[in-house]
Amino acid sequence: MELSKNYQHASLDDKWYKHWMDKQYFRSVPDERQPYTIVIPPPNVTGILHMGHTLNETIQDILIRRARMTGFNACWVPGSDHASIATEAKVVDMLKREKGIEKSQLTREEFLKHAYEWKDKYGGIIYSQIAKLGCSCDWDRVTFTMDDHYYKAVIKVFVDLYNKGLIYRGARMINWDPVAKTALSDEEVEYREVTGKLFHLQYNIEGSDEKITIATGRPETIMGDSAICVNPNDERYQHLKGKYAVVPLINRRIPIIFDEYVDKEFGTGALKVTPAHDLNDYNLGLKHHLEVIDTLHEDGTLNANAQIYVGEDRFAARKKIVAELKEKGILVKEEEYATKTAQSQRTNAVVEPRISTQWFVKMADLAKPALDAVVNGDVKIHPGDRFLATYRYWMENVKDWCISRQLWWGQQIPAWYDANGKFVVAATLAEAEQLYIETHGPLGDTKLTQDEDCLDTWFSSWLWPMEVFNGISQPGNAEAKYYYPTSVLVTGQDIIFFWVARMIMAGMEYEQEIPFQDVYFTGMVRDSQGRKMSKQLGNSPDLLEMIGHYGADAVRFGVMITAPAGNDLLFDMATVEQGQKFTNKIWNALKLVKMWNTTPSTSEAPTHFAVKWFESRLAQVQQEVIDLFKDFKLSEALKTIYSLIWDDFCNWYLEWIKPGYEQPIDANVHSKTIEFFEQLMQLLHPFMPHATEEVYHLLRERAAGDDLIVKQFATPGAINAAVLAEAELAKEVITGLRDLRNKSQYKPKDVIEVFIETQQQGAYADIQEILAKQVNATSISFTNDVVEKSIACVIGKDKFYVKSEIEIDPAAQKESLLKDLAYLQGFLVSVDKKLSNEKFVANAKPEVVEVERKKREDAEVKIKAIEESLKLL
RNA sequence: GGGAGUUUAGCUCAGCUGGUUCAGAGCAUCUGCCUUACAAGCAGAGGGUCGAUGGUUCGAAUCCGUCAACUCCCA
C-alpha cells in the first residue's frame with residue numbers, strides 16, 4: 001500500500017471516533033474489574049467549548065484512556081448544567097430579539113417551554129465539540145442537571161436539609177443584581193478598582209445653627225439614612241451626644257450615634273448610616289436598633305420611601321441629587337478617592353446591597369467533615385498542597401450559602417405558602433397539603449402556592465458525582481455503589497469553593513464518603529501575551545476550526561505540552577503546529593519501517609546492539625511514565641514520550657538499524673522494530689488517540705477487536721544499565737565526532753578514518769559498527785600512539801584521531817584545542833579546591849568525595865591528551 | 001488590610017527530600033546539509049552570577065530571614 005507523503009488527519013479523526021463508538025469502547029457497565037470513574041465538570045448548556053474546556057476535557061480523556069488500558073473499567077460520564085442565571089439571560093434576550101416577547105408577558109410554564117426549546121437547540125453543540133476532540137466518554141450516560149430524576153433529587157435534598165434544620169429562610173443583606181433581578185452569591189460578584197467621588201454634605205443639627213459634614217460616595221441614598229455615626233473618641237463631635245441631625249432635601253430627623261467602627265481619618269470622620277443599602281451600615285443598624293428604610297425598587301429605581309425622584313434610576317437620581325445639593329449649598333466639597341465597585345459576573349451591573357428574604361443553607365455542620373476529608377488526605381489535591389491552605393481557610397470561615405435565585409430556569413423551591421405567609425416544605429403539592437394540615441390545621445379554602453424562586457445552579461451540581469448514577473434519587477443502587485466514589489475530578493482552580501468544596505460536603509452528607517479520591521486543578525488558559533482568553537479580546541481561537549486545520553491530536557498535544565498542573569498556561573498556536581509536526585514525524589517513521597524488505601534472520605546473527613538498547617530505553621521510559629501519571633504530571637509524561645519517539649526512536653534507533661539504500665533488513669530486527677513501534681504508539685495513545693490508532697493498524701494486519709484503545713499495558717521489561725551506558729557513550733562519541741567534522745568543515749559526504757586511544761576498548765565492541773555508520777567513517781580502529789596528520793580531540797575519557805583526504809587547518813585546530821584546555825584547567829582548579837578542603841573531605845558522603853576524585857583524574861587525563869595534541873601541531 | 005502563588009536561556013517552563021544524569025527541555029537564534037521516511041526534515045553550535053540581599057552549611061537554584069516585582073483569592 002502506498003502511504004501518503006504526510007499524515008492526513010482530516011479523514012482519520014472521524015474514522016477512528018466512529019470505529020470506537022461502533023465497538024462501544026466508551027461504554028462502561030459494572031463488572032468484576034475495578035472501576036475508574038470520572039464525572040465531567042458539567043459545562044453549561046449555553047456554551048461552546050473554549051480553550052479552558054479543551055484543556056480540561058483533554059486531561060480527563062488522557063486519564064480515562066490510560067485507565068482503560070491499565071485494566072480498569074473506565075467510565076467517563078458526560079453532561080451539562082442548566083446554568084440558571086446565564087441561560088435565563090440568554091433566553092430572555094433571544095425572546096426579545098427574535099420574537100419581540102418580554103419575559104413579563106409570559107407565564108412560568110410558557111417561559112420554561114421556550115427555555116427547553118432553546119436548550120434542545122444549543123445544548124448539544126458542546127457535546128459534538130467534545131467528541132471532535134476525541135473524548136472517550138460514555139455517551140449513554142449523558143446527564144443534565146434538569147433531567148427529571150435529577151430535578152427530583154435536588155428537591156429531595158432540599159426537603160431533607162430543611163427537615164434537618166440545615167436550610168432556613170431569612171432576611172439578609174444580599175448582593176442584588178438589578179438587571180437580572182436576582183440575588184448573587186459572594187462568589188458571583190467581582191470587585192473592580194475605580195476612582196469614585198466622595199461628596200461632603202452638610203446636615204443641620206436639630207435645634208441649633210450648627211452643621212455636621214459627612215462624606216459619602218452615594219448621595220442618592222441619603223433618603224434612606226437612619227443615623228449619623230461618629231467615633232466616640234473623636235474630640236470634634238463629643239458635644240453632639242444625644243442630638244439629632246436632619247436629612248437634607250427630605251428633612252427627616254435622625255439620631256447621632258457613636259461607634260468605634262467609624263474611622264476618624266476617613267472623610268470627615270462622620271458617617272451617614274443607611275442600613276438598607278450598605279452591608280456595614282446594616283450591621284451597624286442591627287447593633288444600634290436603627291430603622292431600615294429601603295429606598296430602591298428591585299430594578300434599581302427609587303421607590304416611594306425615597307420621597308423624591310421616585311421612579312428614577314439610581315444613577316440618574318444621583319446626578320440630579322448632586323445638582324440639587326450643590327444648588328442649595330449643602331454639597332460643600334467633592335474629592336476623588338480610590339474605591340471598588342461590586343459588579344455582577346453575569347450582567348456586569350453594579351451590585352446593590354439589598355435587604356431581602358432568601359433561602360440559606362447552614363454551612364458550619366456540613367463543612368466540618370468536608371474539611372477533615374481534605375486535611376486527612378482522603379481527598380488528595382493536585383498539585384501538592386498548594387490549594388490546601390485556601391481550602392482550609394474558606395472552610396473554617398464558611399458563610400451560609402444563599403441558594404434562592406429570583407429566576408424561573410432551575411428547580412423551583414419546594415416551599416408552599418398560604419395567604420398569610422405560613423409555609424411548609426414538601427416535594428409535591430399533595431405532600432405539602434398533608435403537611436400543612438398536620439402543622440397548621442385544616443386547609444379550608446386555603447390554596448397553597450409554591451415559592452416563585454428557583455435554586456442556585458450550584459445547589460444542583462454539588463450532587464453531580466452521586467446523581468449521575470442516580471445515587472440520590474435511588475440511594476444504594478448498584479451503579480452508584482459500583483462507581484461512587486469516583487476516581488478523580490479535573491477542574492479549574494477557580495471553582496474550588498463554588499463546586500469542589502460543596503461536592504465534598506454533599507458526598508459526606510449523603511454517602512458518608514468522599515466524592516472523588518483526587519482533585520486535579522488546571523490553571524487558566526491565557527494567550528501568548530499572558531492575557532486571559534475572552535470573547536471581548538477575540539484572542540480565543542475557534543476550536544473546531546483549529547481541529548479542522550491541525551487535527552484533534554495536534555490540538556491536544558498543543559494544550560498539554562505546556563500545561564503544568566495548577567499553573568496558568570500561555571497558549572500559543574506554535575505548540576499546536578509542533579503537535580502536527582509530531583504526528584507527521586511518526587507517519588514518516590511508519591513509512592520508513594514499512595518500505596523495508598527483510599532478509600531471513602540467521603540463527604547465528606547476534607542481536608543488534610540498537611535493539612538491545614532500545615528494549616532497555618523503552619522499559620525505562622515506560623516506568624517513568626507510570627510514575628509521572630501517579631503524580632498527575634501529564635505534561636511531563638507527554639514531553640518524555642515525545643522525546644523518546646522523536647529523539648531516541650527516530651533520530652537514533654532507526655538510523656542505527658537503517659539498512660543501506662535498497663538493502664533488506666534482518667527479519668529479526670525488523671519484527672522487533674515493529675513491536676517497539678507498537679509500544680510507542682500505545683504509550684502515546686492517551687494523548688494522541690487518532691494518529692496512534694491509525695499507525696497501530698498500519699503496522700500490521702489486525703484481527704477484529706485488536707484496537708489500540710483497549711490494548712492493555714504490559715509491565716515494563718528489565719532495564720539493562722550497562723547497555724544504556726554504552727549507548728550513551730555511542731551518542732556522545734558520535735556527537736563529538738560530528739562536531740569535529742563540522743568545525744573542520746568536512747562535507748557530509750567526505751569520509752574519515754577514526755582511531756581511538758582508550759583504556760576501555762571493550763566498551764566500544766558493541767557500538768563500533770554504529771559509530772562508523774553515524775560519522776561516515778570507513779574504519780574505526782584502536783591505537784596506542786599519536787596518529788600523524790590527523791585531527792585530535794578528547795571525548796569522554798578517550799582520545800580520538802580523525803584522518804581524511806581533506807587538508808587540515810592547524811591554526812583552527814590549535815584554537816579549538818586551546819579553548820578546551822582552558823576550560824579543563826579551570827575545571828581542575830575548582831575540583832582541586834574542593835578536594836583540598838579538609839572539611840569537605842571529612843563531612844561529605846564518601847561517594848561524593850569519590851566522585852570528585854574521579855573528576856580530577858578524568859580532567860588530568862584529558863589535559864594530558866590535549867597537551868600532546870598541541871605539541872603535534 | 002489578610003492569605004496564597006510566581007520570579008531559572010530571547011520566550012514558555014522542568015528541576016522531589018541541599019553534592020556530575022545540576023545549571024536542563026522545548027520553542028526561537030546561528031552554522032552546515034534538498035544524505036531516497038520526513039525541509040512539517042537532518043546534523044551541529046551559541047546563550048543563564050537560577051529576582052535582590054543576608055543567613056545556615058564543607059557545599060545552596062534547592063533550606064531559613066528580609067526586600068522587590070507580577071498574579072490570584074478574601075475583606
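All heavy atoms count here, side chains included; hydrogens, waters and symmetry mates do not. In what follows, chains carry the letters A, B, and so on, assigned in the order in which the sequence lines appear, proteins first and then strands, with residues in each chain numbered from 1.
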- Task: Any chance you could list the contact pattern along nucleotides 26-42 of chain B? Use B for base contacts, S for sugar-phosphate-only contacts and - for none, protein heavy atoms under 4.0 Å, 5' to 3'.
- Result: S-----SS--BBBSBSS
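Looking only at distances, no side-chain donor or acceptor of Asn56(A) sits under 3.5 Å from a matching main-chain atom of Thr522(A). Of the possible polar contacts, one joining the His9(A) side chain to the His549(A) backbone as a donor-acceptor pair under 3.5 Å is found. Not one N or O on the side chain of Lys658(A) forms a donor-acceptor pair closer than 3.5 Å with the backbone of Leu592(A). Formation of a donor-acceptor pair under 3.5 Å by the Asp750(A) side chain with backbone atoms of Lys747(A) is found in this model. Looking only at distances, a side-chain donor or acceptor of Arg502(A) sits under 3.5 Å from a matching main-chain atom of Phe498(A).
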- Could you walk me through whether Tyr7(A) and Glu694(A) pass the side-chain hydrogen bond (donor to acceptor under 3.5 Å, both in side chains) test, one step at a time? CA-CA 10 Å; Tyr7(A) 177 73; Glu694(A) 171 71 8; over 6 Å; no
Could you go over nucleotides 20-22 of chain B and give all protein N or O partners under 3.5 Å, atom names and distances?
none

Enumerate the protein-to-nucleotides 57-59 of chain B contacts in which both atoms are nitrogen or oxygen and the separation is below 3.5 Å.
unit_1 : atom_1 : unit_2    : atom_2 : d
C58(B) : O2'    : Asn837(A) : ND2    : 2.8

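Rounded to whole Å, atom P of C74(B) lies 7 Å from atom CZ of Phe497(A). In this structure, the CG atom of Asp572(A) is 11 Å from the P atom of C13(B), given to the nearest Å. Look at CE on Met560(A): it is 14 Å from C1' on C13(B), rounded to the nearest Å. Counting to the nearest Å, the P atom of G15(B) and the CD atom of Glu624(A) are 14 Å from each other. The CD atom of Gln745(A) sits 17 Å away from the P atom of G44(B) (whole-angstrom rounding). With rounding to whole Å, Ile496(A) atom CD1 is found 15 Å from A4(B) atom P.
One P atom belongs to C13(B), the other to U8(B), and the distance between them is 9 Å to the nearest Å. One P atom belongs to C63(B), the other to A45(B), and the distance between them is 32 Å to the nearest Å. Comparing G10(B) with G47(B), their C1' atoms sit 9 Å apart, to the nearest whole Å. With both ends at atom P, the span from G41(B) to C50(B) equals 34 Å, rounded to whole Å. With C1' as the reference atom, A9(B) and U29(B) are 11 Å apart, rounded to whole Å. The same atom, P, is picked in C64(B) and in U56(B); the two are 16 Å apart, to the nearest Å. Between U62(B) and U7(B), the distance separating the two P atoms is 12 Å to the nearest Å. Comparing C34(B) with A23(B), their C1' atoms are spaced 37 Å from each other, to the whole Å.
In terms of the side chain to side chain donor-acceptor pair (under 3.5 Å) criterion, residue partners of Asp627(A) (sequence neighbours excluded) are, by chain and number, Gln623(A). Take Asp400(A) and apply the side chain to side chain donor-acceptor pair (under 3.5 Å) test, not counting sequence neighbours, and it matches Tyr168(A). Applying the ring-ring contact (aromatic ring centres under 6.0 Å, His included) rule to Trp652(A) yields the partners Trp656(A); only residues at least two apart in sequence or on another chain are considered. Taking the salt bridge (Lys or Arg N to Asp or Glu O under 4.0 Å) definition, one finds that Lys5(A) meets it with nothing, sequence neighbours left out. Partners of Asp739(A) by side chain to side chain contact (heavy atoms under 4.5 Å, CB included), not counting sequence neighbours, listed by chain and number: Lys743(A). Under the side chain to side chain contact (heavy atoms under 4.5 Å, CB included) criterion, Glu636(A) pairs with Leu628(A), Lys633(A), Lys639(A), sequence neighbours left out. Take Ile496(A) and apply the side chain to side chain contact (heavy atoms under 4.5 Å, CB included) test, not counting sequence neighbours, and it matches Phe387(A), Tyr391(A), Phe521(A).
Base orientation for U66(B): anti, the chi torsion being more than 90° from 0.
Scanning residues 722-737 of chain A for heavy-atom distances under 4.0 Å to RNA chain B yields Thr735(A).
Note: Tyr520(A) and Phe632(A) have tilted aromatic rings, judged against thresholds of 30 and 60 degrees for the angle between ring planes.
When ring centroids are compared, Phe649(A) and Phe676(A) stay outside the 6.0 Å threshold.
Using a cut-off of 4.0 Å between Lys/Arg side-chain N and Asp/Glu carboxylate O, Arg617(A) and Asp647(A) are scored as not salt-bridged.
Pro748(A) approaches Asn776(A) most closely through the heavy-atom pair O-ND2, 3.0 Å.
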- Message: Dot-bracket, 5' to 3', for RNA chain B please: Watson-Crick or G-U pairs under 3.5 Å, [ ] where pairs cross earlier ones, | where the partner sits on another strand, dots elsewhere.
- Response: (((((((..((((.....[....)))).(((((.......))))).....(((((..]....)))))))))))).
